[in-house]
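Take a look at the structure below.
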Amino acid sequence: MIKPTIPKGTRDFSPEIVRRRNYIFQIIRTVFEKYGFQPLETPAMEDMSTLTGKYGEEGDKLMFRILDNGDIIEKAKQAKDNKELSSLLCGKALRYDLTIPFARYVVMHQNEIAFPFKRYQIQPVWRADRPQKGRYREFYQCDADIVGSDSLINETELLSIYDQVFSSLGIKGFELRVNNRKILSGLAEMIGRPELLTDITIAIDKLDKIGLEGVKNELEERGLDKISIEKIEKFLNIQGGGEEKLAQLQALLHDSVTAQKGMEELKEVLFSGNIPLQVKPRLDQTLARGLNYYTGIIIEAKAPAAVKIGSIGGGGRYDDLTGLFGLSGISGVGISFGVDRIYDVLEELNLFPDVVQQSTQVLFLQMDKESLPIIFPLLQKLRENNIASEVYPDQVKFDKQMKYANKRSIPFVAIIGESERAENAVSLKNMQSGKQEKIPMENMLNHLKAQL
RNA sequence: GUGGCUGUAGCUCAGUUGGUUAGAGCAUCAGAUUGUGGUUCUGAGGGUCGUGGGUUCGAACCCCAUCAGCCACCCCA
C-alpha cells in the first residue's frame, strides 16, 4: 500500500472550501463582466520560449518544466550543464503567471482583437518555489487587464473594480494605495543612479516589513552611498494628505521630467475623477511593488489592518508588454486579486454567507420500496423549480439517513412512509428548527418555496 | 538555493532519568433507539512510534544518516 500524499505546496479543496472559493470567484467574475471585461483562458502549459527570460533569473529557476516524451537519453548526453539539459529536454513549462500568456495571446490574435482589449482570466499558475505560509506551488490568479489604451480612465476603472469587489464581499476597512513608477524612476535619476532603480524599488518595497532602518541597510548593501540614502530617506518620510504629498514630491523631484510626468498622472487618477468610491485611494510614495515590468501607475489593495494579512491585490501599468513578442507600442494596465488571501480575510472576519454552504435543500429518506414511485416525480418537480433535492440511495436505518442529512447541512428532510402514503401526504422536517409537519403532497413545492 | 523547528492512531496531541501490554480528545463503526439528526451514555476497531542504521540487557525517548512536513531568508501572489 502506498501512503496517499499530494505534492508539496499543492492542496485539495474539499467541498465546503470549493464553495467558499467559488463564492469569491463568482463575485470577482461578475464585477469584471460588469465593467466590460471579456473572459480568456490559455493553456496550462506554454512553449518554453514563451516563458523563459520574462521573469528574470529567479523566475526561470522557479518554472515548472515538463519533460518531453520520447527518446531523450541521446539528447541528454549532449548537455554540458543542468541549464542546458533542461532546455534540451523540456520544450514546455507550466505557466508562471497569466500576464505573459496574455501578451502572447494578444500578439497571436492581434488581427482579430478589437482594441482596446479588456480581458479577465481566472486560472491556476505554478511555481517551483519552496512553499511556506500563504505561498503555494499551485495557486489561482485573477487578473483583469486592458491593452491598447493609454488613457488613465483605465486606471480609474480598475480602482473602481477593487472598490466594488471588496465592498460586495463585505470587507470593510480595506485600503487602496497608489503610486507611480515614474516617481521612483525620477528618484533614481535624482540621486544619479538610474541603473539602480530595481535595487531601490526592491529595498523600498520592504519598508512595511523591515522598517526605515532596514531599508537603509539594504540600500547600502545594494551599493548606494550615504548622501543618496539620505535623499531616499527624505523621500520616504514625506507625510500628509495626497495634495500635500504631491507638493512635497514636486519640490523634491523638480529636476526629473519623468517624475513630473508621474505626478501628473497620479493627479489625474486621484483628484480629477468623479467616480464615487467607498474607499478613497491613497497616494503612497513608498509603494514599490516587486514586478519589474511596471512603468506607470502602481496599485496595491491591502486587507483591513486588523487582520494582518497585508496585500490582497495589486497591479499597475506596463508599457510595451507585447514588444517581447514583436508587437510594440501597445501599453497595458492590469490588476490582480489574491484569492487565497482574500479567503483568509473573509474567514477571519466571518464574512462568508451561510447560504454558500448549502447544496442539497431537500433530502428524501428512503423508508421502503413502495415510496420510490412517489418520490421520483416529486424530485423532478422540485428540480424543475430549482430546488436541489435528492433521495438517500440506500434503504438503511432511519437514524443513519438523518445523520447524513445533518452532516451535509441539508435544511429539509422529506419523509414518505406507510402512514404518509395512506394520507397522500409528506412529512417535512426543518432540520434547523427541528419542527416537522405533515402536509398534503401537492402543497410540498409551495410550502418549500415559501421557506427557502 | 541558505538556515531553523517538527515527525507517535484518519486528525490534534500526551508519553516520566531509557524499563512490563504506547495513551487521550476528536473522527469512524456498533449498541442504548427496527419512524427521527444535531446534545447524552456504553462498547469496539484502528499503531512497523516517518525510514534505515548505531549505542544498550532493554529505545517512541540517546547518537548518526535519510526522507517528509512546517517556518524564516532570497524572491514573490
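Nothing here was measured: the structure is a model prediction, and the numbers come from that model. To find a chain, count down the sequence lines: A is the first, B the second, and so on, and within it residues start at 1.
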Practice prompt. Specify the separation, in whole Å, of atom CD1 of A:Ile416 and atom C1' of B:U36.
Written response: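 After rounding, the reported distance stands at 16 Å.
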Practice prompt. Please state how far atom CZ in A:Phe398 lies from atom P in B:G35, giving the value in whole angstrom units.
Written response: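 After rounding, the gap between these two atoms is 8 Å.
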Practice prompt. Sort out the partner of B:G23 for me: Watson-Crick or G-U wobble, both distances under 3.5 Å, none otherwise.
Written response: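 Result: B:C13.
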Discussion item. Let's test this: given Watson-Crick or G-U wobble pairing with both distances under 3.5 Å, identify the partner of B:G1.
Written reply: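 When the pairing criteria are applied, B:C73 turns out to be the nucleotide that pairs with B:G1.
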Taking N or O atoms only and anything under 3.5 Å, show me the protein contacts with nucleotides 70-72 of chain B, one pair per line.
residue : atom : partner  : partner atom : Å
B:C71   : OP1  : A:Lys133 : N            : 3.4
B:C71   : OP2  : A:Lys133 : N            : 3.0
B:A72   : OP2  : A:Gln132 : OE1          : 3.0

Worksheet item: If you count the non-hydrogen atoms of other residues, nucleotides and ligands that lie under 6.0 Å from CE in A:Met45, is the total more than 12?
Response: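 No - once you tally the heavy atoms of other residues, nucleotides and ligands closer than 6.0 Å, there are 12 at most.
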Worksheet item: Aromatic rings A:Tyr96 and A:Tyr55: how do their planes relate, parallel, tilted or perpendicular, breaks at 30° and 60°?
Response: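 Tilted: the ring planes of A:Tyr96 and A:Tyr55 meet at 30° to 60°.
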Worksheet item: Do the side-chain N and O atoms of A:Asn179 and A:Tyr294 include a donor-acceptor pair separated by under 3.5 angstrom?
Response: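 There is no such pair between these side chains.
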Counting any heavy atom closer than 4.0 Å, what does [X] reach on the DNA or RNA strands: base, sugar-phosphate only, or nothing?
X	result
A:Arg222	sugar-phosphate
A:Lys429	base
A:Gly338	nothing
A:Gly434	base

Worksheet item: So, the side chain of A:Glu370 versus the backbone of A:Glu418: is there a donor-acceptor pair under 3.5 Å, distance only?
Response: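 Answer holds: no.
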Discussion item. Rounding to an integer number of angstrom, what distance separates B:G1 and B:A44 when you compare their P atoms?
Written reply: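 These two P atoms come out 50 Å apart once rounded.
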Worksheet item: Residues two or more places apart in sequence or in another chain: which of them pass ring-ring contact (aromatic ring centres under 6.0 Å, His included) with A:His447?
Response: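 If we apply the ring-ring contact (aromatic ring centres under 6.0 Å, His included) test to A:His447, skipping adjacent residues, there are no hits.
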Practice prompt. Apply side-chain hydrogen bond (donor to acceptor under 3.5 Å, both in side chains) to A:Thr360 and A:Arg408, showing your working.
Written response: CA-CA 8 Å; A:Thr360 293; A:Arg408 294 249 335 251; 3.2 Å; yes
